[in-house]
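Have a look at the structure below before the remarks.
Note that these values count all heavy atoms, side chains included, but never hydrogens, waters or copies made by symmetry.
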Amino acid sequence: MAAQPRFPKDAVAEAEEAVEEDAVAAPEGQHPVDETLPPLKMFTSGLQHVAAMYAGVVAPPMIVGPAVGLSAKETAFLMGASLFTAGIATLLQTLGFWKVGARLPFVNGVSFAGVTPMIAIGKDRGADGITVIFGAIIVASLLGFVLTPYFSKLVRFFPPVVTGTVITLIGLSLLPVAFRWSQGGNSTASDYGSMKNIGLAALTLVIVLALRKFLRGFLQQIAILLGLVVGTVIAVPMGMTSLDAIKNADVVGFPTPFHFGAPQFEIAAIVSMCIVMLVCMTESTADMLALGKIVDRPADERTIEGGLRADTLGSAISPLFNGFMCSAFAQNIGLVAMTKVRSRFVVAAGGGILIVLGLCPVAASVIALVPLPVLGGAGIVLFGSVAASGIQTLASAALEKGENALIVAASVGVGLIPIAAPEFYHAFPKDALVVLDSGISTGCIVAIVLNLAFNHLGRKRSSQSSATTPTGHEAVAVH
């Protein structure tokens, strides 16, 4: 059984069972993660993943480009390059080769963790700003690739009490993104938070829920995609979407390698991006553990190592094609949890679509037609599903034993600080904000440290479930 949060004997559980009965069964002896679907289902399910992540991929270059002095045309080029490199990174992650790739339905895209440091690196440097950023990303990514075998060993310190906390925080951290999309996305816009924007988001939410309720089989699995289509169609007569993007887009636009010039290497910039890389590796580890739980293939040390290799290799390749650092996209974990389509080849198809979008700006502009309020309405369901999966994991973490409930309370509390009080750390050094502004990273670190303090240090190994690894094997005691 995979992933969607279930509560015994209720209507949600019955609905989930109905979905599984209608789903395409994997051949006997084959895990659903390795299942291949018919071409049409593969394409539409992959397109649904692209629709869910598109805004998250293009947003960082949309922010960084103008901030470092790029023109509108150059920023658009940067956005196309980000789609292209996200596709490459996703293929590395899902299909893999040698010891590279988690081989899970794991989507990679441009990491938001690097936005603030990249702006700090690139501003006031003129034309050299973007090349210094690219040079720092290449070095940080290669160093991350070397560290991967050691970093992956941290999986032993992610028992259910830690993974459940982190999965819950992933969902809670993403929900504000859906809320901002529902308001219109741009807080400086005159219609930000208008009744029209929020009403369209609410209508999309209702449509997605209704489709999940009344459709069956494959159509139910692509309810998010159908909801996005219906919401966009409704937005057209409301004047909330425009065809101008399609009219002005080029048919072909290959991201020429080193379009902005050869990368430059500066120590301060490299150190800054190395910190970002460590944050991305921490979040990707948590995301792989969450996804492994959802698809019923627990992520062991080898899986984490392969996934981090794909992350870091994809990030090292990305600047060659004018892209940024790549890491896991947690919103797509919610999509896997909701649809129960666990095939990694579906996500690989999504990676192929991303590459096509990066090579064909006119095709990318079609996806861009979806208004942010429509994405926001669907995002509430997706991101809420991730949080619910975390709660399900915590239900098996023996919270009544030892200090596990205290571990969860403190970790969730600290992890929610950047969400509930965004200016909380305003007096801290900017370099520290790379970690502190990520509720997932801070909550994860607190959960690991407290689990060590209460369940490992100075104690003999106990048999309680909180002191086991996600794979069910006892962790090595730390004394």
Side-chain angles (χ1 to χ4, degrees), residues 53 56-61 64 78-102 104 106-119 121-122 130-152 255 257-260 262-266 269-288 304-330 332 351 354-355 358 434-435 438 440-441:
M53 72 177 295
V57 174
V58 300
V64 173
L78 212 58
M79 292 163 60
S82 294
L83 291 168
F84 179 78
T85 53
I88 293 175
T90 298
L91 291 179
L92 286 174
Q93 196 66 262
T94 53
L95 302 181
F97 69 94
W98 183 57
K99 296 181 180 180
V100 175
L104 291 172
F106 200 52
V107 176
N108 275 41
V110 182
S111 172
F112 253 102
V115 170
T116 301
M118 286 192 293
I119 292 175
I121 293 170
I130 195 70
T131 56
V132 173
I133 291 173
F134 288 154
I137 292 174
I138 291 173
V139 175
S141 301
L142 293 176
L143 288 175
F145 188 88
V146 173
L147 290 176
T148 288
Y150 310 100
F151 197 92
S152 62
F258 300 124
H259 174 81
F260 297 97
Q264 300 185 45
F265 306 97
E266 295 187 8
I270 290 171
V271 171
S272 180
M273 295 313 296
C274 281
I275 296 173
V276 174
M277 175 54 70
L278 290 175
V279 172
C280 290
M281 291 173 75
T282 301
E283 293 190 359
S284 287
T285 298
D287 288 338
M288 278 183 271
I304 299 295
E305 184 176 343
L308 292 179
R309 279 201 179 101
D311 266 11
T312 52
L313 181 59
S315 296
I317 294 173
S318 187
L320 306 182
F321 297 97
N322 315 286
F324 297 136
M325 191 173 287
C326 295
S327 67
F329 262 48
N332 292 78
L354 286 170
I355 291 176
V434 175
V435 176
S438 170
I440 299 172
S441 296

Can you name the closest pair of heavy atoms from [X] and [Y] and give their distance?
{"X": "Phe260", "Y": "Thr131", "value": "O-CG2, 3.3 Å"}
{"X": "Phe106", "Y": "Thr94", "value": "O-CG2, 3.6 Å"}
{"X": "Gly314", "Y": "Ala89", "value": "CA-CB, 4.4 Å"}

Is any side-chain heavy atom of [X] closer than 4.5 Å to a side-chain heavy atom of [Y]?
{"X": "Ile270", "Y": "Cys274", "answer": "yes"}
{"X": "Met281", "Y": "Thr148", "answer": "yes"}
{"X": "Leu92", "Y": "Asn108", "answer": "no"}
{"X": "Thr312", "Y": "Phe151", "answer": "no"}

Query - All ring-ring contact (aromatic ring centres under 6.0 Å, His included) counterparts of Phe321, not counting sequence neighbours - result: Phe84
Requested in this report: Please check if the side chain of Asn322 supplies one atom and the backbone of His259 the other of a donor-acceptor pair under 3.5 Å.
Outcome: yes
**Report entry** salt bridge (Lys or Arg N to Asp or Glu O under 4.0 Å) contacts in which one or both residues fall within residues 309-328, not counting sequence neighbours
**Finding:** Glu305-Arg309
Query raised in the report: Residues in side-chain contact (heavy atoms from CB on, under 4.5 Å) with Ala102, at least two apart?
Result: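 Once residues adjacent in sequence are excluded, the partners of Ala102 under the side-chain contact (heavy atoms from CB on, under 4.5 Å) criterion are Gln93, Leu104, Met288, Thr303.
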Query - Contact list for residues 78-88, test side chain to side chain donor-acceptor pair (under 3.5 Å), sequence neighbours left out - result: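 Found Thr85-Ser318.
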Sequence neighbours excluded and cut-off under 3.5 Å, please list the side-chain donor-acceptor pairs for residues 133-143, or say none.
{"residue": "Ser141", "atom": "OG", "partner": "Ile137", "partner atom": "O", "Å": "2.7"}

Rounded distance (nearest 0.5 Å) linking atom [atom1] of [X] with atom [atom2] of [Y]:
{"X": "Leu83", "Y": "Leu78", "atom1": "CG", "atom2": "CG", "result": "10.5 Å"}
{"X": "Met273", "Y": "Cys280", "atom1": "CE", "atom2": "SG", "result": "7.5 Å"}
{"X": "Leu91", "Y": "Phe97", "atom1": "CG", "atom2": "CZ", "result": "12.0 Å"}
{"X": "Ser327", "Y": "Asp287", "atom1": "OG", "atom2": "CG", "result": "7.5 Å"}

